[in-house]
Amino acid sequence: MENFDWTRFTLRIAINATLPNLYNAWTKASELEKWFLSQADSFEPDGTLIPKNQSIKQDYRYEWNWYLYPDLEMGTFTEANGRDFVQFTFAGQCLVAISLTEQDDFVIVELTQKNIPTDDSSKKNIRLGCHGGWSFYLVNLKSVYEGGLDLRNKNTDLKPMLNN
């Protein structure tokens, strides 16, 4: 596998929803909690907590928690254009870029995670682990925004499962 790129990956999914709704799905804590996180908090650069229904802006920080996992993910939104592109730090100094493009009745959500370190632990936990995690959460994003069904497992007695 010498041509395998351990430093980045891209995933795409077509979702039958409006572009503004999907932009909000990535930029408002209240929306992130519908399909991705158990708790999302966003902060202005000076540390002021913003309301959950307010969109983040560039240089805002975040603190994220998932169901069934004690890990706290902290990072910064490095770009947010207010329409169709968001980028944030994730899993250390990796960058996750979200591009939204309208096509027919769909919005194509393209997620790229890059700057992944190439040590063995990062290859396993970030490159492979995040690829699997983002794959599930993008499907859940589609499920929630197209039909309202949240596929996440929130039951601590049913761990580990494909959907947690």
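In this text, all values refer to a predicted model and were calculated from it rather than measured experimentally.
Closest heavy-atom contact between V109 and L100: CG2-CD2, 3.7 Å. Minimum interatomic distance between N65 and D71 (heavy atoms only, all atoms of both residues): ND2-O, 3.5 Å. Closest non-hydrogen pair, G75 versus T89, comes out as CA-OG1, 3.2 Å. When all heavy atoms of K123 and T118 are compared, the closest pair comes out as CE-O, 3.2 Å. Here the shortest heavy-atom pairing between Q93 and N115 reads O-CB, 4.0 Å. For the pair S122 and P117, the tightest heavy-atom approach, listed with the atom from each and the gap, is CB-O, 3.3 Å.
Relative to the ring axis of Y67, R152 does not place its NZ or CZ within 45° and under 6.0 Å from the centre. Judged by a 6.0 Å distance limit and a 45° cone about the ring axis, K159 is positioned over the six-membered ring of Y69.
Taken together through direct or relayed side-chain contacts under 4.5 Å among Ile, Leu, Val, Met, Phe, Trp and Tyr, V86 and M74 form parts of separate hydrophobic clusters. In the hydrophobic cluster analysis, where Ile, Leu, Val, Met, Phe, Trp and Tyr join through side-chain heavy atoms closer than 4.5 angstrom, F106 is grouped apart from Y23. Hydrophobic clustering of Ile, Leu, Val, Met, Phe, Trp and Tyr side chains at less than 4.5 Å, counting indirect connections, unites V144 with I13. Hydrophobic cluster membership is shared by W35 and L19, with clusters built from Ile, Leu, Val, Met, Phe, Trp and Tyr side chains linked at under 4.5 angstrom. Criterion: ILVMFWY side-chain heavy atoms under 4.5 Å apart, direct or through other members. Under it, V139 and I108 are not part of a common hydrophobic cluster.
No side-chain donor-acceptor contact under 3.5 Å links T7 to the backbone of I116. At distances below 3.5 Å, at least one donor-acceptor pair connects side-chain atoms of N140 with backbone N or O atoms of L151. Checking side-chain atoms of E79 against main-chain N and O of Q87 turns up no donor-acceptor pair under 3.5 Å. Side-chain atoms of N125 never come within 3.5 Å of backbone atoms of G129 as a donor-acceptor pair (strictly under, hydrogens ignored). Remark: side-chain polar atoms of N21 are not paired, donor with acceptor, to backbone N or O of A17 under 3.5 angstrom.
In this structure, CD1 on I98 lies 12.0 Å from CG on D84, to the nearest 0.5 angstrom. Interatomic distance, Q39 CD to E33 CD, rounded to the nearest 0.5 Å: 6.5 Å. The distance from atom OH of Y60 to atom OG1 of T78, rounded to the nearest 0.5 Å, is 15.0 Å. Rounding to the nearest 0.5 Å gives a distance of 7.5 Å between CG of L49 and NZ of K52. Remark: Y145 OH to L141 CG distance equals 6.5 Å, nearest 0.5 Å. In this structure, CD1 on I56 lies 12.0 Å from CD on E44, to the nearest 0.5 angstrom.
Partners of Q58 according to the side-chain hydrogen bond (donor to acceptor under 3.5 Å, both in side chains) rule, which considers only residues two or more places apart in sequence or in another chain, do not exist here.
Residues L11 and E110 have side chains not in contact (no heavy-atom distance under 4.5 Å, counting atoms from C-beta outward). Between F9 and I126 the shortest side-chain heavy-atom distance does not fall below 4.5 Å. Between T18 and V107 there is no side-chain heavy-atom pair separated by less than 4.5 Å.
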For D5 and R127, what are the C-alpha separation, side-chain angles and deciding distance, and is it a salt bridge (Lys or Arg N to Asp or Glu O under 4.0 Å)?
-> CA-CA 9 Å; D5 188 352; R127 173 59 178 86; over 6 Å; no
Would you sort out whether F88 and T27 count as a side-chain contact (heavy atoms from CB on, under 4.5 Å), showing the intermediate values?
-> CA-CA 10 Å; F88 51 90; T27 61; over 6 Å; no
side-chain contact (heavy atoms from CB on, under 4.5 Å) between D150 and K34: does it pass, once the steps are laid out?
-> CA-CA 8 Å; D150 184 355; K34 288 180 182 177; over 6 Å; no
side-chain contact (heavy atoms from CB on, under 4.5 Å) between F43 and E63, worked out | CA-CA 8 Å; F43 305 88; E63 293 181 3; 3.8 Å; yes
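Relative orientation of the F77 and W64 rings is perpendicular, given thresholds of 30° and 60° on the angle between their planes. Below 30°, between 30° and 60°, or above 60°: for W134 and W26 the angle between ring planes is between 30° and 60°, a tilted geometry.
Heavy atoms of other residues, nucleotides or ligands lying less than 6.0 angstrom from NZ of K57 number 12 at most.
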